[in-house]
Each structure stands twice: as structure tokens, then as C-alpha cells.
Enquirer: 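Have a look at this one before I ask anything.
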Amino acid sequence: MTVRTRFAPSPTGYLHIGGVRTALFNWLLAKQAGGQFILRIDDTDADRNVAEALQPILDGFRWLGIDWDEGPEVGGPCGPYFQSQRGEFYRSAAEELLASGAAYWDYSRPDEIQAERAAAEAEGKPYVPSRRWMAETEAERARFEGEGRQAVVRLKMPREGTCAFDDLVRGQMEFEWEKEADHVIQRADGSCLYHLANVVDDQAFGITHVVRAVEHLANTPRQIFIAQSLGYPLPTYAHLPFVAEPGSKNKLSKRKLDKYLKHPDFKSLHEHGEKVMQGLGRQPESATFNPVIVDFYREVGYLPEAILNYLLLLGWSLDDHTEDFDRAAMIEAFSLERVVKAPASFDPAKLMSFQHRYEMRLDLETRYQGCRKFLIAAGWMSDDAAADIEARARAVVEAAGDRIRVAGDVLEYSPFFLLDRSLEYEPKAFKKRVLSDAQATERLAIFRDAVPSLEDPSVAGWEAFLQSLLEREGWSIGQVIHALRVAVTGSAVGFGMYESLAILGPEVVARRIDETIAEATRQQAATS
RNA sequence: GGCCCCAUCGUCUAGCGGUUAGGACACCGGCCUUUCACGCCGGCGACACGGGUUCGAAUCCCGUUGGGGUCACCA
């Protein structure tokens, strides 16, 4: 039998990182079995559907490389893949359920059901519907309707025995039927609800493995009841633990950003992203610029492979040492049997570590192309930039090396791109390396005066130039290099000094030293 | 509250009766070094608790505690 799995997002506008993991596991399962992964859109609740809310989800999956064999935009033999377009199937299933006695017309009003429920809860007893407003004959229906009541369709759940099924992650599960309430499957307006739609579609799409988050575990008995009443074969179930908040076991929610920002690692991941946005000169989209949502990572320049690898290991492991999985390795190695039962909390620091590792594995040209997009988006270079501009940008990426953990980090190096703009000095660095060192400006001036004599503007040339200057003046390298770095980049930290000088070129170097000396003079005058 | 689930370092995990309880991330030291970063070396650090079963429990059973999920005319 061909393995067919599915992921069924609601069009909420955002792709949740936990949802991605669920989708990934489904995708992996289908791929490794040579089966199909299907995307179905669960939009049975018309009230909750936001216009344009599907695109970000589809874009997110595409970006991650989680492709679907059937679903929106690609179609397939079982379409339509939108539940909102499949109402007729659900209604006929509801009719069948009604006809066989597995469901009934219920004329209760919401407040009446609520009262029953509240009474049961007050007594500490499980809620068992009284079925007082159940109508099973036309006469009964007419009587209730005469009272001006409207009907929903409810499942007539068994009141004895148990529902047992095997869960590939959790093992043998057993629920007592009598603890199950009579769930509504069709609204008063005739539209159908999730549980019915879900079961009907899984059957219609030939889904063999239902792999979903554990919050659906409690829903399974009623879905099994529907499937069995309709004479469907049961799929294999597997309920995945949810992804928890950093440092806690609560389900990760996209609505609790403020809370998560109190977690140091989460905070620094978020701030890192904000810094990239700042470099782009863009105000982050407040609704989606959230590490819980996939868009965040795409905007900051993360690599999909890194995110997938991290997510794979969040609640799953192959053994005690294998950490690196590319797509092929994941597909090969994945198994539901090794999914951990306990929820796993999202660890921002570890995600970053994977990202960094994957970024470092890229060859220079690939890394450069990733960074280039950000340089263009920031307006620091144009798509058709001159060869020397491209060369300089490439040199920055190469010199920055492992300091660029995420493509967007290239925007940290504005002093190498915005050559005409005057530097903003880091106050502390300027003070420590320029102001508080009595001879710093003196040495800078000597260095600057020597610049016109530079013969070779290459990295090696600058090194030779500085070395001979050190020899001539009797300085140690530490006596000049720190102030020099601040003078030409504005910062006390950065990549190699000679690379920095070579990228900037003698003219910019000389000008910036002049400006630094002037700034130091100005500040000294202001304080004395 | 009813029902259900879960429980190994701070975090992700390995472990499926006998291990000095292993690895990764983070953290802390040191080395390297023109700064930062990388890298390398080292360190800190866990079986929630109580009963059983057993010659022997992180591993099996029961209970306690703790944490979580779910109880819609949402999905």
C-alpha cells in the first residue's frame, strides 16, 4: 500500500514552527516510503478565514523545500483540496450517519447544552448529553421546529465499551466511549465541522497515516467513530508531542512573543533578527516577525536546511551521536518509532548553532550570493553593480568568514559599503582606543601620513606597509592597530586588519583617519 | 474539575536489567591571536520522590509529586 500522509493547516496567515515540524515528519514518512505528501486546507470555519492568509503558509513550505504532491496550486486527483469547497461530501456523509443512526438531529439551544455541561461539572461528573432535544423521527423534528428551534447534527456516541487503537508514537491507546460527548458535526446553517470533514477527507484522499500533534489525541475516538460508522478503514495514527516554549513545557504559541522575549536566548535570537531588519532599513512586520513563525527566518536569511535539521532533532533522534542530516539522510533515517513522547522545548541557541554550522559549510560563492540579496535589499549595492563593487562585497564576505552566521549579518559591515558616509564610532571603543590612549592620535597621524607611500594596496601589501612602519617607528603592533581599527571602521571588533585596509583602499583609509583625528580633537576640546 | 498524556544535565537527547549514565547546544576556564569570531583542550552539570519485582534498576510494576494537553455550532 502506498503511504499517503497529509498536513492540514488552517489559513491563519502564519506558518508556525511547530506546524513545520509536524509537516516535516509527515513529509519524511511519505518520501521514505515513496508515497505522497498532501497539503489540505482546513478552512471549514468561514468566519475564521482571513483573506490572503494561505499564501504565507504555502510560501513558507516552498522556501523550506517541503513540497507537496497534491494540494493547493499543484492540484491532484482527489481535489479540491480546500475543505470549504467540499461541503457536498460532508453533507452526504452527515446524511448517511443520520440514516444509520450514528448521528441525530439535535434541537437544543447552545445555552441549554451549556447548562447541562455546567451541571455535570458542578457535580464533578463527566458530561453525558441528556439527548432531550434529540429528534429521530420526522414527527419529533416537526414538533421541535414548531417551537422555533433549529437543529444541528450530533454524533450519537456509544455509551459503553472502549475505543482502542494503536498509536505509532504512544503505543496502545484506550478510551471509554461513555466519556465522549455527542459532538456536533453539522452546524445549524448546514455547514459541516472539522471532525466530520477531517475523516471524510482522509478517506477520500486515501490517507494511510495520520500524523498530527498530540492535542488531537483526545479527538481520535470520535473520529474513529465517524470512520467506522461510515464503513471506512482506519488510518494508522501517530500523535506527536508538541513543541514547547523555551525553558518550559507549555505549548509554543505565536501569541506570547512578549513572554518569550524574557527568555535570554529567545531574546537574543529576536534581537539578532531586528538588527538585520535595521540594516535593511525596514520596520519588521509586527505580526510575523516572530521566531515562532517561519517568515522570521526567511527574512533574516537563515538556511532552510539548518531549520529542518534542527526541527528534525526536536523530539526525534537516530542514536546517541548523529546530528547532521541533509534531506536525503533525513528521509533515509526517519522513523516514528524513535519520536520522543515528551514535549520538547524550542531552543533558540541550538537553532542558531545549526544555522551557523550550515552557513559555514557553504562555499564562498554560495554564501556571497546569499549575502548579496541583503546588500541589494538594503540599497548598498545594485543588482547590476560594477565589477569592482561586486569584488569588494565578495571580499567583505570572505574576510568576515565565520562572523557571518546568517546571510543578513553581512549588514553588520556597513563601513565597508557606505564609503562616503562618515563613521559612527562606538562610543566605548572610541574612548578606550582613541581618547584614553595619549599617543593614539599621534600614531594615527604618522600612519596616515605614510599612506601615500603605500606601494601595493593588496592585503599583503598593507601588511608589509604596516610592518615596515612598525620597524621604523619602533612600535609594537598593539600600539597602533586598535586605534587604527576604530579609526577606519568605527568599531573595536571586526575581521582582519589588513583585509579591512585592503577592502577600504588607501583613500578611504586616509580620509577616515583624518576624520577620526578631527573627532578626537573635537571631543577633547569639549571635555577640557 | 472529568478524561488523557508526559517525566535523564539549564535545553535537545542516548540508554530498551549489570555503563565511571554517553553526545550535542548553552555556560565556565585555558590555549591560539592585532580585536572579535572560529578552532582546539579542559571543566561544571541529570536519572523528580516513595514503595515494590530482581542477585542487580535510569531501565519493569504501583503510588505520590510535578508538568502538560483536552473537554466549542475552532481547527
Side-chain angles (χ1 to χ4, degrees), chain A residues 8-12 42-45 47-48 83 106 108-110 113-114 117 120-127 150-154 167 170 173-176 178-181 183-195 197-198 212-221 239 241-242 244 246-251 263-265 310 313-323 338 340-354 356-357 360 400-405 429 433 466 476-482 484-486 489 491-498 500:
Chain A
S10 292
T12 53
D42 279 15
D43 54 355
T44 51
D45 189 350
D47 293 346
R48 292 194 356 163
Q83 292 194 326
D106 177 55
S108 64
R109 292 192 310 261
I113 290 290
Q114 264 176 26
R117 203 179 286 277
E121 193 169 328
E123 286 182 67
K125 287 199 264 188
Y127 166 62
Q150 283 194 309
V152 298
V153 177
R154 281 186 190 274
D167 187 298
R170 273 145 216 282
M173 302 300 307
E174 200 169 314
F175 293 87
E176 291 177 56
E178 64 173 342
K179 304 276 170 56
E180 291 290 316
H183 297 94
V184 175
I185 53 172
Q186 189 180 99
R187 298 184 180 89
D189 67 6
S191 63
C192 290
L193 261 18
Y194 166 73
H195 292 294
N198 180 63
R212 75 234 297 200
V214 72
E215 43 270 52
H216 290 283
L217 182 59
N219 298 332
T220 308
H239 288 93
F242 53 83
S248 125
K249 291 298 180 199
N250 295 324
K251 189 165 78 172
H263 187 278
D265 293 342
Y310 170 71
L313 262 16
L314 196 57
W316 181 86
S317 70
L318 176 63
D319 51 34
D320 63 344
H321 62 279
T322 314
E323 290 250 292
R338 290 196 61 85
V340 177
K341 289 193 188 80
S345 30
F346 177 71
D347 183 347
K350 192 150 186 171
L351 206 205
M352 179 55 100
S353 156
F354 271 98
H356 193 193
R357 207 185 314 166
M360 285 310 101
D402 55 57
R403 292 166 190 79
I404 294 178
R405 302 197 289 175
R433 297 304 192 183
L466 182 64
S476 73
I477 192 162
Q479 287 177 307
V480 65
I481 208 163
H482 301 298
L484 185 57
R485 185 187 301 282
V486 173
T489 70
S491 168
V493 302
F495 49 77
M497 194 68 248
Y498 307 124
S500 300

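The chains referred to below are lettered A, B, ... by the order of the sequence lines, with proteins before strands, and numbering in each begins at 1.
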Enquirer: What is the separation between atom NE2 on A/H356 and atom P on B/C25, rounded to the nearest whole Å?
Expert: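 It works out to 12 Å between those atoms.
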
Enquirer: Show the numbers, then the answer: is there a side chain to side chain contact (heavy atoms under 4.5 Å, CB included) between A/D265 and A/F346?
Expert: CA-CA 10 Å; A/D265 293 342; A/F346 177 71; over 6 Å; no

Enquirer: Could you tell me whether A/N219 contacts a base, only the sugar-phosphate backbone, or nothing, with contacts defined as non-hydrogen atoms closer than 4.0 Å?
Expert: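 Base contact.
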
Enquirer: Taking any heavy-atom pair under 4.0 Å as a contact, classify A/V480: base, sugar-phosphate, or nothing.
Expert: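 Nothing: the residue A/V480, judged by heavy atoms under 4.0 Å, touches no strand.
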
Enquirer: To the nearest Å, give me how far apart CD (A/E215) and P (B/A75) are.
Expert: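 About 15 Å, once rounded to whole Å.
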
Enquirer: Quote, to the nearest angstrom, the P distance that separates B/U20 from B/C12.
Expert: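 That atom pair is separated by 27 Å.
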
Enquirer: Can you tell me the distance, in whole Å, between the CG atom of A/L466 and the P atom of B/U35?
Expert: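 Taking CG of A/L466 and P of B/U35, I get 14 Å after rounding.
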
Enquirer: For the side chain of A/H216, counting heavy atoms from C-beta on, which of B/C6, B/U34, B/A75 is nearest?
Expert: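 Nearest nucleotide to the side chain: B/A75.
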
Enquirer: Expressed in angstrom and rounded to an integer, what is the separation of A/R338 atom CZ from B/C12 atom P?
Expert: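 A/R338 atom CZ is separated from B/C12 atom P by 17 Å.
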
Enquirer: In whole Å, measure the gap between the P atoms of B/U13 and B/A48 for me.
Expert: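 Approximately 15 Å lies between the P atom of B/U13 and that of B/A48.
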
Enquirer: What's the gap between B/C44 and B/C9 when it is taken at their C1' atoms, as a whole Å value?
Expert: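 The same atom, C1', in both gives a distance of 10 Å.
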
Enquirer: Which nucleotide, B/U35, B/C3, B/U11, lies nearest any side-chain atom of A/K179?
Expert: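 Comparing B/U35, B/C3, B/U11 against the side chain of A/K179, the answer is B/C3.
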
Enquirer: B/G68, B/G22, B/U34: which one has an atom nearest the side-chain heavy atoms of A/D320?
Expert: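 The answer is B/G22.
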
Enquirer: Using only side-chain N and O atoms of A/S317, determine if any of them is under 4.0 Å from OP1 or OP2 of B/A14.
Expert: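 Answer is yes, contact under 4.0 Å.
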
Enquirer: For nucleotides B/G43 and B/A58, find the distance between their C1' atoms and express it as a whole number of Å.
Expert: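 Rounded to whole Å, the distance is 24 Å.
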
Enquirer: Report the residue (A/A218 or A/G478) whose heavy-atom-nearest nucleotide on RNA chain B is the more 5′ of the two.
Expert: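 By nearest-heavy-atom nucleotide position, the 5'-most residue is A/G478.
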
Enquirer: Using only side-chain N and O atoms of A/T44, determine if any of them is under 4.0 Å from OP1 or OP2 of B/A75.
Expert: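 Answer is yes, contact under 4.0 Å.
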
Enquirer: From CG of A/D167 over to C1' of B/G69, roughly how many Å is that when rounded to an integer?
Expert: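 Whole-Å distance recorded here is 14 Å.
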
Enquirer: Using the C1' atom as the point on both nucleotides, what is the distance between B/G15 and B/A72, in whole Å?
Expert: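 Between the two C1' atoms, the distance is 43 Å.
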
Enquirer: Would you indicate what A/R170 reaches in the nucleic acid, counting non-hydrogen atoms under 4.0 angstrom: base, sugar-phosphate, or nothing?
Expert: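 The residue A/R170 makes sugar-phosphate contact but no base contact.
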
Enquirer: I'd like to check A/R187 versus A/L193 (side-chain heavy atoms, cut-off strictly below 4.5 Å). Are they in contact?
Expert: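 The answer is yes, as the side chains (C-beta and beyond) meet within the 4.5 Å cut-off.
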
Enquirer: Check the phosphate of B/C12 against A/K249, side-chain N and O only, distance under 4.0 Å to OP1 or OP2. Yes or no?
Expert: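 Yes, within the criterion.
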
Enquirer: Answer whether the closest heavy-atom distance between the side chains of A/Y127 and A/E121 falls below 4.5 Å.
Expert: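 When only atoms from C-beta onward are counted, A/E121 and A/Y127 do not touch, as no gap falls below 4.5 Å.
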
Enquirer: Can you check the A/H183 NE2 to B/A72 P distance for me, whole Å?
Expert: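 So the two atoms are 7 Å apart, to the nearest Å.
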
Enquirer: Determine the Euclidean distance between corresponding C1' atoms of B/U59 and B/G29; express it in Å to zero decimal places.
Expert: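 Looking at atom C1' only, B/G29 and B/U59 are 35 Å apart.
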
Enquirer: What is the distance, rounded to the nearest whole Å, between atom CG of A/N250 and atom C1' of B/C5?
Expert: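 Nearest whole value for this atom pair: 15 Å.
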
Enquirer: Over all strands shown, is A/V152 touching base, sugar-phosphate only, or nothing at heavy-atom distances under 4.0 angstrom?
Expert: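 Base, at least one base heavy atom under 4.0 Å.
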
Enquirer: Of A/W316 and A/G496, whose nearest nucleotide on RNA chain B comes first from the 5' end?
Expert: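 Closest to the 5' end, via its nearest nucleotide, is A/W316.
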
Enquirer: Examine B/A72: is either OP1 or OP2 under 4.0 Å from a nitrogen or oxygen in the side chain of A/R117? Give yes or no.
Expert: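 Yes, A/R117 has a side-chain N/O under 4.0 Å of OP1/OP2 on B/A72.
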
Enquirer: Does B/C25 have a Watson-Crick or wobble mate here (both distances under 3.5 Å), and if so which one?
Expert: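 For B/C25, the partner nucleotide comes out as B/G10, under the 3.5 Å rule.
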
Enquirer: For B/G45, which nucleotide is its Watson-Crick or G-U wobble mate, given both distances must be under 3.5 Å?
Expert: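 The answer is none; no pair meets the criterion.
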
Enquirer: Measure from CG on A/D319 to P on B/A14 and round the result to the nearest Å.
Expert: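 To the nearest whole Å, that distance equals 10 Å.
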
Enquirer: Is there a Watson-Crick or G-U wobble partner for B/U70 with both distances under 3.5 Å, and if so, which one is it?
Expert: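 Here B/U70 is engaged in a pair, and the nucleotide opposite it is B/G2.
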
Enquirer: Nearest of B/C12, B/A75, B/U34 to any side-chain atom of A/L314?
Expert: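 Shortest atom-to-atom distance from the side chain points to B/C12.
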
Enquirer: Looking at the base of B/A24, is there any donor atom on it, or on the side chain of A/K350, that sits under 3.5 Å from an acceptor on the other one?
Expert: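 Answer yes: a donor N or O sits under 3.5 Å from an acceptor.
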
Enquirer: Looking only at atom P, what distance separates B/A21 and B/A57, rounded to whole Å?
Expert: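 Taking atom P in both B/A21 and B/A57, they lie 14 Å apart.
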
Enquirer: Using only heavy-atom distances, decide whether a donor-acceptor pair under 3.5 angstrom links the side-chain of A/R403 to the base of B/C36.
Expert: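 Result: at least one qualifying N/O pair found.
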
Enquirer: Counting side-chain heavy atoms from C-beta on, which of B/C38, B/A75, B/U11 comes nearest to A/D402?
Expert: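 Closest of the options to the side chain of A/D402: B/C38.
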
Enquirer: Take atom C1' in B/G69 and the same atom in B/C73, then report the distance between them in whole Å.
Expert: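 Each nucleotide's C1' atom is 23 Å from the other's.
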
Enquirer: Given B/U34, B/C74, B/C4, identify the nucleotide with an atom nearest to the side chain of A/L193.
Expert: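 Per side-chain heavy atoms of A/L193, the pick is B/C74.
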
Enquirer: Give a yes/no on whether any side-chain N or O of A/R357 is located under 4.0 angstrom from OP1 or OP2 of B/C38.
Expert: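 No, because none of the side-chain N or O atoms of A/R357 sits under 4.0 Å from OP1 or OP2 of B/C38.
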
Enquirer: Pick base, sugar-phosphate or nothing for A/A344, based on heavy-atom distances below 4.0 Å to the nucleic acid.
Expert: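 It contacts sugar-phosphate atoms only.
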
Enquirer: A/A342 side chain: which of B/A75, B/C6, B/G68 is closest?
Expert: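 Per side-chain heavy atoms of A/A342, the pick is B/C6.
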
Enquirer: Distance only, no hydrogens: is a donor on one side chain within 3.5 Å (strictly under) of an acceptor on the other, for A/N219 and A/H216?
Expert: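 Side-chain D/A pair, A/N219 to A/H216: present.
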
Enquirer: Drop me the distance from A/L351's CG to A/L314's CG, to the nearest 0.5 angstrom.
Expert: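 It is 9.0 Å, given to the nearest 0.5 Å.
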
Enquirer: Using the side-chain hydrogen bond (donor to acceptor under 3.5 Å, both in side chains) rule, take A/H263 and A/S248 through it: C-alpha gap first, then chi angles, then the decisive distance, then the call.
Expert: CA-CA 10 Å; A/H263 187 278; A/S248 125; over 6 Å; no

Enquirer: Mind listing the closest non-hydrogen atom pair of A/K350 and A/Y310 along with its distance?
Expert: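 So the minimum-distance heavy-atom pair works out to CB-CE1, 3.9 Å.
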
Enquirer: Would you please confirm or rule out a distance under 4.0 Å between OP1 or OP2 of B/C12 and any side-chain N or O of A/S345?
Expert: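 Yes, within the criterion.
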
Enquirer: Touch check for A/F242, heavy atoms < 4.0 angstrom, all strands: base, sugar-phosphate only, or nothing?
Expert: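 A/F242: backbone/sugar contact only, no base atoms under 4.0 Å.
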
Enquirer: Check whether the side chain of A/R485 and the base of B/U34 form a donor-acceptor pair under 3.5 Å.
Expert: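 Side chain to base: pair found, below 3.5 Å.
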
Enquirer: Can you identify which nucleotide, out of B/G69, B/C25, B/C73, has its nearest atom closest to the A/K251 side chain?
Expert: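 From the listed options, B/G69 comes nearest.
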
Enquirer: Looking at B/U54, which nucleotide sits across from it as a Watson-Crick or G-U wobble partner, both distances under 3.5 angstrom, or is there none?
Expert: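 Base-paired to nothing in any strand shown.
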
Enquirer: Any base atoms under 4.0 Å from A/F175, or only sugar-phosphate, or nothing? Heavy atoms, all strands.
Expert: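 Sugar-phosphate: the residue A/F175, judged by heavy atoms under 4.0 Å, touches backbone atoms but no base.
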
Enquirer: Contact class for A/M173 (heavy atom, under 4.0 Å): base, sugar-phosphate, or nothing?
Expert: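 Contact class for A/M173: sugar-phosphate only.
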
Enquirer: Given B/C6, B/C12, B/C4, identify the nucleotide with an atom nearest to the side chain of A/K341.
Expert: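 Of the options given, the side chain of A/K341 lies nearest B/C6.
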
Enquirer: Side chains of A/Q83 and A/D43: is there a donor and an acceptor less than 3.5 Å apart?
Expert: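 Side-chain D/A pair, A/Q83 to A/D43: absent.
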
Enquirer: Name the nucleic acid region contacted by A/R154, choosing base, sugar-phosphate or nothing; use a 4.0 angstrom heavy-atom cut-off, strictly under.
Expert: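 Contact class for A/R154: sugar-phosphate only.
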
Enquirer: More than 12 heavy atoms of other residues, nucleotides or ligands under 6.0 Å from NZ of A/K249: is that the case?
Expert: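 Yes, because the 6.0 Å sphere around NZ of A/K249 holds more than 12 heavy atoms from other groups.
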
Enquirer: Please identify which of these residues, A/D189, A/I113, A/D106, meets the side chain to side chain contact (heavy atoms under 4.5 Å, CB included) condition with A/V152.
Expert: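 The option that passes is A/D106.
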
